[in-house]
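Numbering of residues begins at 1 and proceeds along the displayed sequence.
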Amino acid sequence: MPLTPLVYWAQRHEEVTLRVELTDAQNIHVHVHENVLHFAAQGHGAKGQNEYEFNLEFFLPVKPEVSHKSTQRQVNITVRKEQRGWWERLTMQERRPVFLTPDFDRWLDESDAEMEIREKEEKRNRLKAARHKEEGFVSLKTGYLFVYNLVQFLGFSWIFVNMTVRLFMFGQDSFYDTFHTMSDVMFFCQILASVEVLNAAFGVVHTGVVPTLIQVVGRNFILFIIFGSLEQMHNRPVVFFVFYLWSAIEIVRYPFYMLGCLNTNWKTLTWLRYTVWIPLYPLGVLAEAVAVIESVPIFDQTKLFSIPLPKAIGTSLNFSYFLYFYLVLMFLGLLINFRHLYKQRQKRFRTKKRKAN
């Protein structure tokens, strides 16, 4: 004959939990029919290895769906109440069945249960408020980054398209007036690019501060010091190549970031973003180096930015000495940024290959 196991019970406002003392339970059958819980299983209980079963008619209606989980030591059963509330007892019959006893490990009185509910609701509200705040910050940050990248894309696109059109219309003659026709927009874009250093420093974007700083400071040095301060450099062909290579890189980079703000991935643009820099970035640094070399005689002649020394020495510290040192820094920066960009490319396409596999 089937035997009755020991059953421990506890309640919350929404559910009833039962803990059946049955070790290594097998062939477990648990269901609720007409407000009566039926349980049957085989296992090692209070009277050894046997078949155990019991029936419980609940005090108030419960939902027919019942969940249970068997562990090595017991079977845990959860029954949802039809209506939220606190029962004065578990079963319809006033006298408690002899195999049933309170589960003091989980036992709460009504006031404790109410407190538990309030704590859960407060925690849920705090999490919801934090999530809304985070979502608001994320949406604000996303909007800011999208607008920034859009403005930069439009600026560099204007430069690139105009230079290309002028090259086809005027040929090599367009080399000599690049600074006069494009410098205003390039000044604007490169001043605005300084924001990227702050974005990296304050964690608005996840990228290295040093590579970003090297690129922004390096470009602004060429633009404002080499080109901007020397009128003799304005009509040099090297200005065309520097501006053209800069804009060619950026008209790919900024649209890629714009799509990233929208969680959109265009494979062709992604490939271009992580590939075009391989030839263009070294060529851009080479063009910048040519600009620096061409500016050295002009700085020597004009003494611009030179530091006067005491009369006992009888000379001045020419700015061209710094430019020679800067050339070395340029190629060190090239190596640092090239290594950084190569790692980004490897990481990006390695991740894509793993997803494909």
Side-chain angles (χ1 to χ4, degrees), residues 152 155-160 162-164 166-167 174-198 200 208-254 276-307 318-338 340-341:
Q152 290 287 63
F156 281 106
S157 296
W158 186 90
I159 295 171
F160 184 82
N162 273 271
M163 291 180 69
T164 303
R166 290 176 59 80
L167 181 62
S174 65
F175 292 174
Y176 303 101
D177 62 352
T178 299
F179 186 86
H180 298 286
T181 55
M182 305 296 163
S183 60
D184 289 341
V185 180
M186 184 61 79
F187 279 137
F188 171 78
C189 290
Q190 283 306 128
I191 291 173
L192 190 60
S194 302
V195 175
E196 296 182 24
V197 180
L198 299 177
V209 178
V210 173
T212 306
L213 183 65
I214 290 174
Q215 177 171 314
V216 172
V217 172
R219 284 189 179 184
N220 284 344
F221 180 84
I222 297 297
L223 180 61
F224 290 95
I225 303 299
I226 303 300
F227 294 154
S229 65
L230 295 177
E231 188 175 351
Q232 296 90 327
M233 293 294 295
H234 291 180
N235 61 349
R236 298 292 180 97
V238 69
V239 179
F240 174 88
F241 293 101
V242 170
F243 282 15
Y244 203 71
L245 289 167
W246 284 358
S247 57
I249 292 175
E250 304 302 19
I251 62 173
V252 173
R253 188 167 70 100
Y254 286 115
V276 295
W277 64 266
I278 297 176
L280 294 184
Y281 183 58
L283 288 175
V285 174
L286 180 61
E288 294 172 19
V290 171
V292 172
I293 292 171
E294 289 187 3
S295 71
V296 168
I298 302 174
F299 279 110
D300 284 339
Q301 181 182 359
T302 61
K303 302 298 183 181
L304 186 63
F305 301 133
S306 295
I307 302 174
N318 290 340
F319 186 67
S320 58
Y321 297 150
F322 172 77
L323 294 180
Y324 291 129
F325 177 67
Y326 181 75
L327 285 172
V328 177
L329 294 180
M330 281 180 60
F331 288 100
L332 288 176
L334 170 64
L335 295 176
I336 293 172
N337 268 8
F338 202 93
H340 171 71
L341 292 170

Checklist entry - Hey, does Ile298 have a side-chain heavy atom less than 4.5 Å from the side chain of Arg236? => result yes
Next on the checklist: Rounded to the nearest 0.5 Å, what separates atom CZ in Phe188 from atom CZ in Phe156?
Outcome noted: 10.0 Å
Item to check | Atom pair OG (Ser320) and NZ (Lys303), whose distance is rounded to the nearest 0.5 Å | outcome: 8.0 Å
Checklist entry - Say you draw a straight line from CZ of Phe243 to CD1 of Ile159; how long is it, rounded to the nearest 0.5 Å? => result 7.0 Å
Next on the checklist: Tell me the closest heavy-atom pair linking Thr178 and Ser174, and the distance in Å.
Outcome noted: OG1-O, 3.0 Å
Checklist entry - His180 vs His234 aromatic rings, parallel, tilted or perpendicular, using cut-offs 30° and 60°? => result perpendicular
Item to check | Heavy-atom closest pair, residues Leu304 and Ser229 | outcome: CD2-O, 3.7 Å
Checklist entry - Can you check side chain to side chain contact (heavy atoms under 4.5 Å, CB included) on Phe227 and Val242, steps first, answer last? => result CA-CA 10 Å; Phe227 294 154; Val242 170; 4.0 Å; yes
Checklist entry - Between Arg253 and Glu196, is a salt bridge (charged side-chain N to carboxylate O under 4.0 Å, His left out) present by the stated rule, with each step listed? => result CA-CA 13 Å; Arg253 188 167 70 100; Glu196 296 182 24; 3.4 Å; yes
Next on the checklist: Heavy-atom count check: over 12 atoms from other residues, nucleotides or ligands less than 6.0 Å from Gln232 CD?
Outcome noted: yes
Checklist entry - Are side-chain heavy atoms of Glu250 and Gln152 found at a separation under 4.5 Å? => result no
Checklist entry - What do you reckon, is CZ of Phe305 surrounded by more than 12 foreign heavy atoms closer than 6.0 Å? => result yes
Checklist entry - In Å, rounded to the nearest 0.5 Å, how long is the span from CD1 of Ile214 to CE of Met330? => result 12.0 Å
Checklist entry - Relative to each other, are the rings of Phe338 and Trp277 parallel, tilted or perpendicular (30° and 60° limits)? => result perpendicular
Checklist outcome for this item: What one should report as the nearest heavy-atom pair of Gly228 and Phe179 is CA-CZ, 4.1 Å
Item to check | Side-chain touch Met233/Val238, heavy atoms, less than 4.5 angstrom | outcome: yes
Item to check | Heavy-atom pair with the smallest gap, counting every atom of Val197 and Leu213 | outcome: CG1-CD1, 3.9 Å
Next on the checklist: Taking the side chain as everything from C-beta on, heavy atoms only, tell me whether Ile249 gets closer than 4.5 Å to Val276.
Outcome noted: no
Next on the checklist: Testing the basics here: between Leu230 and Phe299, what is the closest heavy-atom pair and its distance to 0.1 Å?
Outcome noted: CD1-CE1, 3.3 Å
Checklist entry - Heavy-atom distance under 4.5 Å between the side chains of Trp246 and Met186, does that happen here? => result yes
Checklist entry - Does the side chain of Thr302 come within less than 4.5 Å of Phe319's, by heavy atoms? => result no
Item to check | Over 12 foreign heavy atoms within 6.0 Å of CD1, Ile307 | outcome: no
Checklist entry - Taking the inter-plane angle between the rings of Phe240 and Tyr244 on a 0 to 90° scale, is it parallel (under 30°), tilted (30 to 60°) or perpendicular (over 60°)? => result parallel
Next on the checklist: Assess the residue pair Tyr321 and Tyr324 against the criterion (ring pair (Phe, Tyr, Trp, His ring centres under 6.0 Å)); give the C-alpha distance rounded to whole Å, side-chain angles, the decisive distance to 0.1 Å, and a yes or no.
Outcome noted: CA-CA 5 Å; Tyr321 297 150; Tyr324 291 129; 7.2 Å; no
Checklist entry - Closest approach of Ser295 and Ile226, non-hydrogen atoms and distance? => result OG-CD1, 3.6 Å
Checklist outcome for this item: CZ of Arg166 to OG1 of Thr181, rounded to nearest 0.5 Å, is 4.5 Å
Item to check | Donor-acceptor contact present, side-chain Gln190 to main-chain Val216, <3.5 Å | outcome: no
Checklist entry - Could you give the distance from CG (Asn220) to CZ (Phe187), rounded to the nearest 0.5 Å? => result 9.5 Å
